[in-house]
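Written below as structure tokens is the structure these notes are about.
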Amino acid sequence: MVRVIGHIDLDYFFAQVEEVENPSIKGRPVAVCVFSGRTKDSGVVSTANYKAREFGVKSGMPIVLAKRRLEGRDPIMIRMEITKYEAVSERIMELARSHVDILEEAGIDEAFFDLTIGSRGDFNSAASVARKIKETILEGERLTCSVGLGRSKAVAKLASDSAKPGGLMVVSPDSTMAFMGSLNVGNLYGVGPKTVKTLEGLGIGTIAELARADVSLLQDYFGRKLALYLHAAANGEDDDPVEERQEPTQFSRIITLKSDTTDAEEAMNQLTEAADDLRSRLISRKTSFRTLSAIAILTNLSTKTRSKTFETPIWDLSIVKNALADLFSQLSDSADREFRRVGIRLSDLSANSDQKSLAEYVGEP
DNA sequence: GTATGCTTTCGGC
DNA sequence: TTACGGCCGAAAGCATAC
């Protein structure tokens, strides 16, 4: 059975939400920014609307540089409000979910869906559903999105990329290679700059070239699993299923220090608010963790982590304070540079499901 | 050899 | 000229057990 897979992507999401909230800014360059608080304009652009992109402003760009690019162009620089976008995202995901068989959220502004059953394998019928989803989101939230349909997640993702902004791209199984063969490998889902560079060294630049590449050669450079995935994805044949996401697998909080430090204790002191936030997340989600990590981003912007896994689940972050201090001191010992940003990650999570505990007690004396 | 568990890094948005 | 966040999930890399 040929699958019918879709990918939906909200256009320049954070900035578009801001435009909907304040339509008078439409037509001007808009950049939604993360201000780190270190200096007045330290931080990066999270999302820019298309007007701002015309001037070369894009995600991850330092705010000061973006401001320079937009000088004299009447720009709007907006502080990112993540909870606002989360609320909008949640409503949109439910709208979309009601039209498809399965919806897999893949970040705050995108999702994969499976329409194999709903469309009975027919791409035309799936295209009608996709148009309906786009309409519903436009009417309900005034937001535009891009949708791609294809025979696999990798193809659907490429299709939605090519539909940006605001379009619908349908790639039938027959047209898969014609559609993506000439695209660069870097366009493939899961292929970042690093992988592109390695592939380049192997003389592989396009998806068609990757599709023809020798799998055992790829294995030497990427390991078995990634090599098989790359090859399958390039052939439009990856069988990665669309699955409803379960609970998050990690929580983390990371902050930028006012000034760099080599002092682990100083780093810890700056993290009390982040730790409190993580503690309340554990409580509100009735979740425990087993792995605790200290994260440091050094002056040269490289990332270092040290972690510790406990034998039993930990419900209260405060009882492992000493362990955290230990991890940070390990980091400061191994790092030959200063900390610029520091953070805490909790992973290996498990939820205390009330239903499960009830079930456990059934039949107990 | 395969399975499993833990640590660290990577890539995406 | 330089400039620089805060998350997430996945998997590579390594060790150990069988």
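Chain letters run A, B, ... following the sequence lines, proteins first and then strands; every chain starts at 1. Just so it is clear, the structure is predicted and the values come from calculations on it, not from any experiment.
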Check: protein-nucleotides 3-6 of chain B nitrogen or oxygen pairs below 3.5 Å:
residue, atom, partner, partner atom, Å
B/dC6, OP2, A/R290, NH2, 3.1

Enumerate the salt bridge (Lys or Arg N to Asp or Glu O under 4.0 Å) contacts for residues 15-26 of chain A, please, sequence neighbours excluded, ordered by first and then second residue.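 Those involving residues 15-26 of chain A are A/E18-A/K84, A/E21-A/K84.
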For the [atom1] atom of [X] and the [atom2] atom of [Y], what is their distance to the nearest 0.5 Å?
X	Y	atom1	atom2	result
A/R245	A/E105	CZ	CD	8.5 Å
A/F112	A/S152	CZ	OG	9.0 Å
A/S332	A/K304	OG	NZ	13.5 Å

Any side-chain N or O of [X] less than 4.0 Å from the OP1 or OP2 oxygen of [N]?
X	N	result
A/R253	C/dC7	yes
A/S59	B/dC13	no
A/K157	B/dC13	yes
A/R68	C/dA3	no
A/T256	C/dG6	yes

Nearest of [options] to any side-chain atom of [X]?
X	options	answer
A/T305	C/dG5, B/dT9, C/dA3	B/dT9
A/S252	C/dC8, C/dA3, C/dG9	C/dC8
A/P62	C/dA3, C/dG6, B/dT8	C/dA3
A/E110	C/dA3, C/dG5, B/dC13	B/dC13

Using whole Å, report how far [atom1] of [X] lies from [atom2] of [N].
X	N	atom1	atom2	value
A/I254	B/dC10	CD1	C1'	14 Å
A/D240	C/dG9	CG	P	15 Å
A/L301	C/dA3	CG	C1'	10 Å
A/E273	C/dG6	CD	C1'	14 Å
A/Y85	C/dC7	OH	P	14 Å
A/I344	C/dC7	CD1	P	11 Å
A/F339	C/dG5	CZ	C1'	18 Å
A/Q250	C/dC7	CD	P	11 Å

Between the side chains of [X] and [Y], does any donor sit under 3.5 Å from an acceptor?
X	Y	value
A/T206	A/S182	no
A/S307	A/T291	no
A/S160	A/D9	no
A/T116	A/D114	yes
A/D316	A/S318	yes

For [X], answer base if it contacts any base atom (sugar-phosphate contacts may also be present), sugar-phosphate if it contacts only those atoms, and nothing otherwise; contact means non-hydrogen atoms under 4.0 Å.
X	value
A/R79	nothing
A/I82	nothing
A/F251	sugar-phosphate
A/R245	sugar-phosphate
A/G343	nothing

Could you please spell out the steps behind the salt bridge (charged side-chain N to carboxylate O under 4.0 Å, His left out) verdict for A/E54 and A/K51? CA-CA 5 Å; A/E54 279 176 29; A/K51 193 71 195 172; 3.4 Å; yes
Short of 4.0 Å, heavy atom to strand atom, which residues of residues 29-49 of chain A count as contacting DNA chain C?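 When residues 29-49 of chain A is checked for heavy atoms under 4.0 Å from DNA chain C, the hits, listed by number, are A/V34, A/S36, A/G43, A/V44, A/S46.
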Of A/V100, A/V147, A/L138, the residue whose pairing with A/I133 passes side-chain contact (heavy atoms from CB on, under 4.5 Å):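 Single pass found, and it is A/V100.
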With nearest nucleotide decided by heavy atoms, which residue, A/I255 or A/L65, maps closer to the 5′ end of DNA chain C?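 Counting from the 5' end, the first nearest nucleotide belongs to A/L65.
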Specify the residue among A/R340 and A/E247 whose closest nucleotide of DNA chain C lies further upstream toward the 5′ end.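 Its nucleotide being nearer the 5' end, the pick is A/R340.
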Contacts under 3.5 angstrom, residues 264-273 of chain A side chains, donor-acceptor by atom type, not counting sequence neighbours:
residue, atom, partner, partner atom, Å
A/E266, OE2, A/Q270, NE2, 3.1
A/N269, ND2, A/E265, O, 3.4

Which heavy-atom pair separates A/I137 from A/C145 by the least distance, and what is that distance?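 Result for this residue pair: CD1-SG, 4.2 Å.
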With A/T303 via side-chain contact (heavy atoms from CB on, under 4.5 Å) - residues at least two apart: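 With sequence neighbours excluded, A/T303 shows a side-chain contact (heavy atoms from CB on, under 4.5 Å) to A/I295, A/I297, A/T305, given in chain and number order.
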Would you tabulate the nitrogen or oxygen pairs shorter than 3.5 Å linking the protein to nucleotides 16-18 of chain C?
none

In whole angstrom, give me the gap between the C1' atoms of B/dG12 and C/dG5.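 Roughly 14 Å separates the two C1' atoms.
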